[in-house]
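In what follows, a structure is listed as C-alpha cells, so that the remarks can point back to it.
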Amino acid sequence: MERLDKRLAATGQWSRKEAKELIRAGRVSVQDQVCRNPEEKVGEETPVAVDGHPIGADAPVYLMLHKPAGVVSATEDGRDRTVLDLLPAQYQGMGLFPVGRLDKDTEGLLLITNDGPLAHRLLSPRHHVDKVYYVEVDGVLDHEDVQAVSQGVLLRDGYQCLPGELELLPGNSAAYITIREGKYHQIKRMMAARGKPVTYLKRIRFGGLVLDEKLEKGGWRALTAQEIQGLFRQ
Ligand code: URA
C-alpha cells in the first residue's frame, strides 16, 4: 500500500505537490469514489482516476531532463550511457524516448515521453517548433553573423537553413540562437559556415518548454500540467 499522492506522482505526470492539489480539489477518485485525502493508502492495483481518466502503466509520461555532456540521446546504445539510463527504475521499460536528439557533447533541455503522436507532431518539419540554445564559439560574433542567421545560413554542403535569430551576449563569443528546424549538427554546422566553431552548446528552450534551471546536470522532473498543456498547444 502507498499514499495516494505518491501513487499519482509515480506516474511522472505530476509532482508530489501537484498531486496533493489535485486530490484536495476533488479531481481524484479511488475505486470510483472521490477521495480528498492525499495520505489515503491505496494498493498497487487499486483503480485510481484523475478527472475520470484512469492512471497506470498506459498513462503517458512527460519528463524534462537536463542532459549532461557525455550521454547519448537514444534509448539504447552498445557503448555509451543513454539519457534513459539517467532515469530511475520506475521509468524503465515504459517505452520512453527522447523527443529529438542533442549531440553527445550538447547539454540542456530534453523532453522525454512515451507519447508517440505528440513527439511526431513536435518534430514534424512542418511544425517549426522554436528551439533556443546558448552557444559559445571560438571567435568573435558580429552583426554580419546576426544578419546571416536572420536570413538563413548557407551551410558548407549547400543546404540553405531557415531564418533564425542570433542574440549576441557581452564579450561576443557567446549568444542565444533560435532555430526552427533540427538538422543533424545544425548549429555546429551553421557556426562552422561562419568560420566560428562551436565550443559549447546548451539547449534552454524547446517551443514553450523552458529548461528548469533548478535541475542540475543529469537531473529530471515531471512536467507540470501547465507545461504539458503548452506542448499540446504548439
Ligand atoms: N545543433 C547542434 O549542432 N547540436 C545539437 O546537439 C543541437 C543542435
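In each ligand, atom 1 is the first atom listed, and ligand 1 is the first ligand listed.
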I'd like to know if Asp157 pairs up with Lys183 as an ion pair, taking the criterion as any Lys NZ or Arg NE/NH1/NH2 lying under 4.0 Å from an Asp or Glu carboxylate oxygen. no
Gln151: partners by side-chain contact (heavy atoms from CB on, under 4.5 Å), with sequence neighbours left out: Gln147
Heavy-atom closest contact (Asp212 atom, Met64 atom, distance): N-SD, 3.5 Å
Is Arg221 salt-bridged to Glu18, going by a charged N under 4.0 Å from an acidic O? no
Using a 3.5 Å cut-off on N/O to N/O, what pairs does ligand 1 make with the protein? A line per pair would be great.
from, atom 1, to, atom 2, distance (Å)
ligand 1, 1 (N), Ile187, N, 3.1
ligand 1, 3 (O), His185, O, 3.3
ligand 1, 3 (O), Gln186, N, 3.4
ligand 1, 3 (O), Ile187, N, 3.3
ligand 1, 3 (O), Lys188, N, 3.0
ligand 1, 4 (N), Asp103, OD2, 2.7
ligand 1, 6 (O), Asp103, N, 2.8
ligand 1, 6 (O), Asp103, OD2, 3.4
ligand 1, 6 (O), Thr106, OG1, 2.9

Please determine if Lys196 and Asp142 form a salt bridge, counting it only when a charged side-chain N lies under 4.0 Å from a carboxylate O. yes
Leu122 to Leu231 - nearest heavy-atom pair and separation: CD2-O, 4.0 Å
